[in-house]
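Down below is the structure, laid out as structure tokens.
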Amino acid sequence: MHPIRKKRLTIVLFLLVGVSVAVGLTTYALRQNINLFYDPSQIADGEAPVDVRIRAGGMVEDGSVLRDPESLKVEFKVTDFSSSVLVEYTGILPDLFAEGQGVVAMGRLDKNGRFVADQVLAKHDENYMPPEVNEALEKAAGKRAAMSGAESDAAASY
Amino acid sequence: MWQIFHKLGSPKWFFGIAATLMPWLLWVGVAMLAAGIGWGLAFAPQDYLQGNSYRIIFIHVPAAFLAQSVYIMMAVAGLVTLVWRMKLADVFVKAVAPVGAILTFLALFTGAVWGKPTWGTWWIWDARLTSMLILLFLYFGVIALGAAISDEKSSARAVAVLVLVGVVNIPIIKYSVEWWNTLHQPATFKLTEKPSMPPEMWVPLLLSVLGLYLVFGWLACLRMQTEILLREGRTRWVKELIQARGS
């Protein structure tokens with residue numbers, strides 16, 4: 001390669017490395033701000049501020065959804081399978097909201113560790129499948145559970 | 001090898017090659033795109049969770065995929081501009097930047113339309129959506145900077161530097177869903193693993209992505225030809241070409 005081109009290439013590479021390092025350090029320093037929500041573990045560890053509008057996200061714990069028959073009030077637990085946080089919400093839930101599904105709730109954490117949400121968004125994962133496949137999978141899972149004599153009511157509750 | 005590379009830099013040579021390639025790119029691309037989108041929208045099975053609303057994926061993913069690929073191609077062309085001072089590389093950047101901007105907008109728009117029924121919101125400032133919005137602004141910046149400097153050479157270099165600086169955003173878009181907590185789900189397609197959807201969903205998706213690539217190739221050739229004619233209007237070969245067409 002021509003020496004002058006080599007020189008230009010070096011300068012461009014330095015520019016790229018420099019910009020990458022700068023952006024990398026900035027995003028690393030801002031990582032908690034870039035995170036859309038706090039995990040239940042972070043909330044349990046006291047990392048999340050109390051009485052400040054924040055988002056909490058995780059999976060809706062199986063069997064934790066309690067609906068008030070008189071109003072639109074709902075209570076459920078959001079878990080990351082090591083800790084969980086109790087969420088209280090009044091309003092219409094998105095269609096994809098279900099036990100075992102991911103959610104992101106926006107609201108405030110009160111002093112007792114309850115999360116009072118004013119908006120609940122559903123999070124879905126990257127897996128797509130036809131309904132028949134899902135039914136077959138669930139049936140197979142139910143059979144296995146029944147055969148091993150373990151509680152099959154988790155699968156039957158669907 | 002270097003000879004081919006330098007020959008590629010000749011606008012006249014490229015003009016001829018583009019003319020032979022273009023019909024193939026267009027018709028094969030349109031056929032694949034139509035097959036992929038038609039199959040995806042009408043015949044692919046529903047999703048067990050999202051029902052029919054997931055079908056917008058057959059437009060959303062190709063647009064988002066191309067939006068990022070086009071930027072990477074522009075960055076490679078920017079590198080060529082800066083190091084080898086090849087005019088054709090700058091022609092490419094100027095020609096495809098508006099196409100990239102439109103694809104990015106399409107990805108954001110279809111994402112919003114998809115987000116409303118599934119997540120419950122049109123927009124959220126999570127890392128994936130925000131970095132994609134930054135990509136749109138980068139495209140706007142490239143277009144504006146290119147148009148603002150009238151001197152061809154300084155415009156080419158300034159745009160190349162901007163394109164290269166902006167390329168750091170691409171890995172951020174790609175890995176945003178892994179590095180941070182986001183509302184957007186992680187990638188369904190991974191290089192090392194099987195896609196997390198059945199073939200009757202991913203085959204039409206792949207078809208529409210490849211089809212859009214080819215249609216983009218056609219559009220890039222067409223816009224580059226126009227740009228070359230504008231820039232080289234005074235050279236002999238362009239005058240001869242115009243005379244040959246006019247008679």
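On a predicted model such as this, the values are computed, not experimentally measured, just so you know. Here is the naming used below: chain letters follow the sequence lines, and residue numbers restart at 1 for every chain.
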Query raised in the report: So do the side chains of B:M197 and A:N127 get within less than 4.5 Å of each other, counting heavy atoms only?
Result: no
Report summary line: So CG of B:L79 and CG of A:L13: to nearest 0.5 Å the spacing works out to 7.0 Å
Report task. Hey, could you give me the OG1/CG distance between B:T118 and A:D95, rounded to the nearest 0.5 Å? Result -> 9.5 Å
Report task. Could you tell me which portion of B:V83 (side chain, backbone, both or neither) has an atom closer than 4.5 angstrom to a non-hydrogen atom of chain A? Result -> both
Query raised in the report: Does B:P45 reach the side chain of A:M129, with side-chain heavy atoms less than 4.5 Å apart?
Result: no
Query - Side-chain heavy atoms of A:Y128 within contact of B:T188, under 4.5 Å - result: yes
Report task. Determine the option with the most heavy-atom pairs under 4.5 angstrom with chain A, choosing from B:V161, B:T130, B:I172, B:I124. Result -> B:I124
Report summary line: Rounded to the nearest 0.5 angstrom, the CD-CD distance for A:E126 and B:Q185 is 7.5 Å
Query raised in the report: Would one find more than 12 heavy atoms of other residues, nucleotides or ligands at under 6.0 Å from atom CZ of B:F65?
Result: no
Query raised in the report: Is it the case that more than 12 heavy atoms not belonging to B:F105 sit under 6.0 Å from its CZ atom?
Result: no
Query raised in the report: Counting N and O atoms only, with roles assigned by atom type, does the side chain of A:N35 sit under 3.5 Å from a partner on the main chain of B:N181, one being a donor and the other an acceptor?
Result: yes
Query raised in the report: For the candidates A:R55, A:Q32, A:E132, which exhibits the highest count of non-hydrogen atom pairs separated by less than 4.5 Å from chain B?
Result: A:R55
Requested in this report: Pick one of side chain, backbone, both or neither for B:W125, based on which atoms fall under 4.5 Å of a heavy atom in chain A.
Outcome: backbone
Query - Under 4.5 Å from any heavy atom of chain B - which part of A:P130 - result: both
Query raised in the report: Looking at CZ of B:R128 and CG of A:L36, how far apart are the two atoms once the value is rounded to the nearest 0.5 Å?
Result: 13.5 Å
Report task. Please flag which part of B:V177 lies under 4.5 Å from any non-hydrogen atom of chain A: side chain, backbone, both or neither. Result -> neither
Query - Approximate separation, where rounding is to 0.5 Å, of B:D126 CG and A:F37 CZ - result: 9.0 Å
Report task. Please determine, among A:T27, A:V120, A:I92, the option with the most heavy-atom pairs under 4.5 Å with chain B. Result -> A:T27
Requested in this report: Identify which part of B:A44 has an atom lying under 4.5 Å from any heavy atom of chain A, answering side chain, backbone, both or neither.
Outcome: neither
Query raised in the report: Between atom CZ of A:R31 and atom CH2 of B:W180, what is the distance when rounded to the nearest 0.5 Å?
Result: 11.5 Å
**Report entry** Atom of A:A122, atom of B:L183 and distance for their closest heavy-atom approach
**Finding:** O-CD1, 3.8 Å
**Report entry** Option that, when pairs with chain B are counted at under 4.5 Å, heavy atom only, ranks first among A:L9, A:V104, A:I34
**Finding:** A:I34
Query raised in the report: Do B:W119 and A:K123 pass the side-chain contact (heavy atoms from CB on, under 4.5 Å) test, and can you show the C-alpha distance, the side-chain angles, and the key distance before you say yes or no?
Result: CA-CA 6 Å; B:W119 298 338; A:K123 189 169 155 55; 5.7 Å; no
